[in-house]
Amino acid sequence: MGRVYNFSAGPATLPEAVLQEAAEEMLDYRGTGMSVMEMSHRSKAYEEIHNEAIADLRELMNIPDNYKVLFLQGGASLQFAMIPMNLMKNRVADYIITGQWAKKAFKEAQLYGKANAIASSEDKMFTYIPDCSDLPISPDADYVYICQNNTVFGTEYHTLPDTKGKILVADVSSCFLSEPMDVTKYGIIYGGVQKNIGPAGTVIVIIREDLITDDVLPGTPTMLRYKTHADANSLYNTPPTYGIYICGKVFKWLKQRGGLEAMKSYNEKKAAILYEYLDQSHMFKGTVEKKDRSLMNVPFVTGNPELDAKFIKEAKERGLENLKGYRTVGGMRASIYNAMPMDGVIALVDFMREFERRNG
Ligand SMILES: *Cc1c(COP(=O)(O)O)cnc(C)c1O
């Protein structure tokens, strides 16, 4: 069997062209006689990879000069702590709880100060995004935190919250580079790259310069200060070099495909194929409110756990893999990130249609 259509939520599918190029360069990266994995992070060849990746990301996202791009480690989950450690000057922050990742970040922030849940969609199992047009923002909040795309539940903010002038911090792990964003609306944008960009082990943080200071909570380790990494261009210690190299290739792949406007329109077309099918199916149902649907993660159910299991098993036999929903949610979830081709979504919907005919 060759490559499958991999609908995993993360680590997730990567562009085949990028993997092929990496394979070709595996043993001898452009005449250096070594793999990028074997290279000093202080070498000229690596430095070029590193700086080109940053420059390409800046171009793709149109990142203004007063923002820094950092490549860090520790997964998105370490940012749950790093954000309060670096930003919670008043020890107060407001969180909007739209799923399990937002909730984890909220719980972590409670270790450092007063974290307020100012809105939540937990009352309906996180199947919608709360109205964020007039939130009870705390007057002394150091920032307002959101998880912009909820990987587990399949919702996404299509309008950003009104933070009433407070700094907006966003976890974009599962929607990173899926569409253009206005970086100027945020203080920090961050995400683990293993969902929509590259291999696990690298985290990208885009942070406004005035938020990079020495004024951090007492006891914040050197490695967990944004300033440490910003001052050293993410080369304070050994960065995740191979991961950054692959991210760089994905940035070039995105540029070749027309950038984020083009990706958005491609992603909208892909998602529409699946959602339109779900909306008319008598067997499969989407689980979230239409207005808040994610372009990247599409959860659905039959309402019958045995039928769900049968579907997942038979789909796998067809090379449609990792369609099982998150372990606490059940049902199915198709993650259709940038690197999932249109043909993969068409193959999925064709199979759903056939399965419905046979089992309906
Ligand atoms: C996967 C995910 C995380 C956790 O990422 P790790 O890199 O495993 O820590 C956090 N937030 C979101 C939105 C995610 O999808």
Side-chain angles (χ1 to χ4, degrees), residues 6-14 70-85 93 95-109 111 115 120-122 125-130 143-158 160-161 168-179 181 186 188-206 223-224 229 234 239-240 242-244 246-247 250 267 288 292-299 322 324-329 333-340:
N6 179 6
F7 294 93
S8 169
T13 189
L14 287 168
L70 309 178
F71 292 123
L72 306 180
Q73 303 184 60
S77 300
L78 188 56
Q79 293 307 305
F80 300 169
M82 213 164 150
I83 288 158
M85 283 174 151
Y95 281 71
I96 302 174
I97 316 297
T98 52
Q100 78 135 26
W101 295 118
K103 205 167 166 180
K104 280 197 165 172
F106 168 61
K107 291 231 165 99
E108 190 72 6
L111 298 174
S120 168
S121 53
E122 193 161 16
M125 267 299 278
F126 300 119
T127 51
Y128 68 104
I129 298 289
Y143 59 88
V144 175
Y145 182 101
I146 62 168
C147 178
Q148 193 153 324
N149 183 77
N150 296 282
T151 325
V152 172
F153 297 96
T155 59
E156 183 174 8
Y157 287 81
H158 297 298
L160 290 178
L168 179 63
V169 173
D171 175 357
V172 300
S173 294
S174 50
C175 59
F176 226 151
L177 305 179
S178 64
E179 56 185 320
M181 334 174 40
Y186 302 80
I188 292 181
I189 296 169
Y190 80 93
V193 303
Q194 74 273 23
K195 308 289 162 67
N196 205 19
I197 304 180
T202 301
V203 174
I204 297 174
V205 174
I206 300 162
M223 275 293 288
L224 299 188
H229 301 285
S234 302
Y242 199 78
I244 293 167
I246 299 289
C247 290
V250 171
N267 287 330
V288 309
D292 301 321
R293 282 171 163 173
S294 165
L295 279 184
M296 298 281 101
N297 310 98
V298 183
N322 290 316
K324 199 169 180 341
Y326 191 75
R327 55 198 154 85
T328 57
V329 179
R333 171 180 51 178
S335 294
I336 49 175
Y337 296 122
N338 283 343
M340 173 58 64

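For this chain, numbers begin at 1 and follow the sequence in order. The model shown is predicted, which means the values in this text are computed figures rather than measured ones. Both counts, for ligands and for their atoms, begin at 1 and track the order of listing.
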J.: Could you list the atoms of ligand 1 found under 4.0 angstrom from a heavy atom of Ser173?
T.: 11 (N), 12 (C), 13 (C), 14 (C), 15 (O)
J.: I need the atoms of ligand 1 closer than 4.0 Å to a non-hydrogen atom of Gly75, numbered in the order shown.
T.: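 Answer, ordered by atom number: 7 (O), 9 (O).
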J.: Within this structure, what is the CD1-CG distance for the pair Ile204 and Leu177, rounded to the nearest 0.5 Å?
T.: 7.0 Å
J.: Please could you name the atoms of ligand 1 that Cys147 approaches to less than 4.0 Å, counting only its heavy atoms?
T.: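 So the atoms of ligand 1 that pass are 13 (C).
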J.: What residue and heavy atom of the protein are closest to atom 9 (O) of ligand 1, and at what distance?
T.: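 Checking every protein heavy atom, the shortest distance to atom 9 (O) of ligand 1 gives Ser77 OG, 2.5 Å.
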J.: Do the rings of Tyr95 and Tyr143 sit parallel, tilted or perpendicular, given the 30° and 60° boundaries?
T.: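 Tyr95 and Tyr143: perpendicular rings.
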J.: If I apply the N/O under 3.5 Å rule, does Asp171 come out as touching ligand 1?
T.: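 Min N/O separation from ligand 1 is below 3.5 Å for Asp171.
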J.: Could you see which bit of Lys104 sits under 4.0 Å from ligand 1, with heavy atoms only: side chain, backbone, both or neither?
T.: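 None of Lys104 does.
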J.: To the nearest 0.5 Å, tell me how far Asp292 CG sits from Asn149 CG.
T.: 11.5 Å
J.: Report, in ascending order of atom number, the atoms of ligand 1 lying under 4.0 Å from any heavy atom of Gln194.
T.: 5 (O), 6 (P), 7 (O), 8 (O)
J.: Are side-chain N/O atoms of Ser178 and Asn267 paired as donor and acceptor at under 3.5 Å?
T.: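 There is no such pair (donor and acceptor under 3.5 Å, judged by atom type) between the side chains of Ser178 and Asn267.
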J.: How long is the gap from CD on Gln194 to CG on Leu14, to the nearest 0.5 Å?
T.: 10.5 Å
J.: Which of the listed options, Ala76, Ala170, Ala9, holds the heavy atom that is closest to atom 5 (O) of ligand 1?
T.: Ala76
J.: For atom 1 (C) of ligand 1, what's the nearest protein heavy-atom neighbour? Residue, atom name and distance, please.
T.: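 I find the closest protein heavy atom is Lys195 NZ, 1.5 Å.
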J.: State the atoms of ligand 1, each with its element, that fall below the 4.0 Å cut-off from a heavy-atom position in Thr151.
T.: 12 (C), 13 (C), 14 (C), 15 (O)
J.: Going from CG on Asn338 to CD on Glu179, what distance comes out if it is rounded to the nearest 0.5 angstrom?
T.: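 The distance works out to 10.0 Å.
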J.: May I ask you to decide if Asn150's main-chain N or O and Thr155's side chain share a donor-acceptor pair within less than 3.5 Å?
T.: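 Not at all, since once roles are kept as given, no pair shorter than 3.5 Å links the two residues.
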